[in-house]
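In what follows, a single structure is set out as structure tokens and then discussed.
Quick caveat: nothing in here was measured; it's all calculated off a predicted structure. Residue numbers start from 1 in every chain, and the chains themselves are labelled A, B, ... in the order their sequence lines are given, proteins ahead of strands.
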Number of protein chains: 2
Amino acid sequence: MFTTYSAMHPKTEAFEPGLQELSLFAKSLAHPARMAIIELLARRKSCYSGDIAQELPLQRSTVAQHLQELKKLGLIKGSIEGQYVNYCLNPDVLRHYTQSLEQWLTQIKLEQSENRIDHNNCWT
Amino acid sequence: MFTTYSAMHPKTEAFEPGLQELSLFAKSLAHPARMAIIELLARRKSCYSGDIAQELPLQRSTVAQHLQELKKLGLIKGSIEGQYVNYCLNPDVLRHYTQSLEQWLTQIKLEQSENRIDHNNCWT
DNA sequence: GGAGTATGTCGTAAACATACGACATATTAT
DNA sequence: ATAATATGTCGTATGTTTACGACATACTCC
């Protein structure tokens, strides 16, 4: 489940699958348009493809491309209603990735505070 | 603070600053090498530049480039120790972005479960 | 059937990311 | 001084992302 890693740069496969998966999720969030789409779908009930495009400062075809990116990980799904397409979040997939990421972030914070040492003379 | 948005695609500026910031953080995590570096720095005490490169399946110059990316947001900092450079996480900055992202993810989950409606006839 | 609308895909230009080797610089050891 | 080591930057090749307009397809309403 959740393992269709394609269109990645050469060396990404050399890393742990867990990190690959997480970084792909991060990639989905790595554009404000896609975060805005997720916000929209979380907030609204009727999320026709056209409505989404109208809410964003992008052309329809560009939005379609961002929707593709989200579909690639399965974060969103859609149902055809006549000539319209109603998009919505895929709760299960979203939960999966969200939990993994939150867990990772928590782990980082934990280990980091344990190993805390003084780093004087640091430049940012 | 935390507002040096540069080197972005044309339309990213058209979105809310909050989303821009978050998506930049997501971008920093959007490569397994950078997540691995963060893991390493969280776990270890001595994180010389060379040690980092040796732990990753990448050439030194490539690792340096990923370190640059993390420096760009201020997620890491380093101190010069003779001929070595000791890298470490920047706890404040990391906490800032982590909290923002976790908050956003929580918000999404909340709103999404409130507005839950049936979506039959969905294709993934 | 034919006009109008909604949607997705294709081609393409520009920008960005990734990965590497080669080079420059600074520090330590001989 | 000279050699060795550590580090960062530059140039560059390749691949990916972003953004758009144009096109093709499918559904609705007359």
Review item, nucleotides 21-24 of chain C N/O atoms under 3.5 Å of protein N/O:
{"unit_1": "C/dG21", "atom_1": "OP2", "unit_2": "B/Gln59", "atom_2": "NE2", "d": "3.4"}
{"unit_1": "C/dG21", "atom_1": "N7", "unit_2": "B/Ser61", "atom_2": "OG", "d": "3.2"}
{"unit_1": "C/dG21", "atom_1": "O6", "unit_2": "B/Ser61", "atom_2": "OG", "d": "3.3"}

B/Met8 CE - C/dC16 P separation (whole Å): 10 Å
Please report, rounded to the nearest Å, how far the C1' atom of C/dG8 is from the NZ atom of A/Lys71. 8 Å
List for me each residue that meets side chain to side chain donor-acceptor pair (under 3.5 Å) alongside A/Gln68, sequence neighbours excluded, and say none if there are none. none
Closest heavy-atom pair and its distance - B/Ile80, B/Gly82: CG2-O, 3.5 Å
In this structure, which one of B/Asn90, B/Ile76, B/Leu89 forms a side chain to side chain contact (heavy atoms under 4.5 Å, CB included) with B/Leu70? B/Ile76
Between A/Lys11 and B/Pro10, who's closer to the 5' end of DNA chain C by nearest nucleotide? B/Pro10
Those residues of residues 47-57 of chain B lying under 4.0 Å from DNA chain D by at least one heavy atom: B/Tyr48, B/Ser49, B/Gly50
In chain order, what residues pass the side-chain contact (heavy atoms from CB on, under 4.5 Å) check against A/Pro57, with sequence neighbours excluded? B/Ala14, B/Phe15
By side-chain contact (heavy atoms from CB on, under 4.5 Å), A/Glu69 pairs with (sequence neighbours left out) A/Arg34, A/Lys72
May I have all residue pairs that pass ring-ring contact (aromatic ring centres under 6.0 Å, His included) and include part of residues 17-49 of chain A, sequence neighbours excluded? A/Phe25-A/Tyr97, A/His31-A/His66, A/Tyr48-A/Tyr84
Ignoring hydrogens and geometry, is there a side-chain-to-backbone donor-acceptor pair from A/Thr12 to A/Met8 under 3.5 Å? no
So, under a plain 3.5 Å distance rule, would you say the side chain of A/Gln65 forms a donor-acceptor pair with the base of D/dA19? yes
Side chain to side chain donor-acceptor pair (under 3.5 Å) against A/Gln103, all qualifying residues, sequence neighbours excluded: none
Does a side-chain N or O of A/His9 approach OP1 or OP2 of D/dT17 to a distance below 4.0 Å, or not? no
Give each protein N/O atom lying under 3.5 Å from an N/O atom of nucleotides 2-5 of chain C, with the pair distance.
{"unit_1": "C/dT5", "atom_1": "O2", "unit_2": "A/Gln83", "atom_2": "NE2", "d": "2.9"}

Mind checking if A/Leu67 touches a base, just sugar-phosphate, or nothing, with heavy atoms under 4.0 Å? nothing
The side chain to side chain donor-acceptor pair (under 3.5 Å) partners of B/Lys109 (sequence neighbours excluded) come to A/Glu102
For B/Glu55, check side chain to side chain donor-acceptor pair (under 3.5 Å) against everything at least two apart and list the hits. B/Arg44
Does anything in residues 27-40 of chain A reach DNA chain D, meaning a heavy atom under 4.0 Å, and if so which residues? A/Lys27, A/His31, A/Arg34
Who passes side-chain contact (heavy atoms from CB on, under 4.5 Å) against A/Lys11, sequence neighbours left out? B/Leu58
Candidate nucleotides C/dA19, C/dT9, D/dA19, ranked by approach to the side chain of B/His66 - the nearest: C/dA19
Say you draw a straight line from CG of B/Leu22 to CE of A/Met35; how long is it, rounded to the nearest 0.5 Å? 4.5 Å
Measure the distance from CD on B/Glu81 to C1' on D/dT7 and round it to the nearest whole Å. 14 Å
CG/A/Leu29 to CD1/A/Ile38 distance, rounded to the nearest 0.5 angstrom? 5.0 Å
Write down the distance between CD (B/Glu69) and P (C/dT18), rounded to a whole number of angstrom. 7 Å
For B/Gln68 and C/dT18, give me the distance from atom CD to atom P, rounded to whole Å. 13 Å
Please determine if a side-chain N or O atom of B/Tyr87 lies less than 4.0 Å away from the OP1 or OP2 oxygen of D/dG8. yes
Smallest separation among heavy atoms of A/Val63 and A/Ala53, with atom names: CG2-CA, 3.9 Å
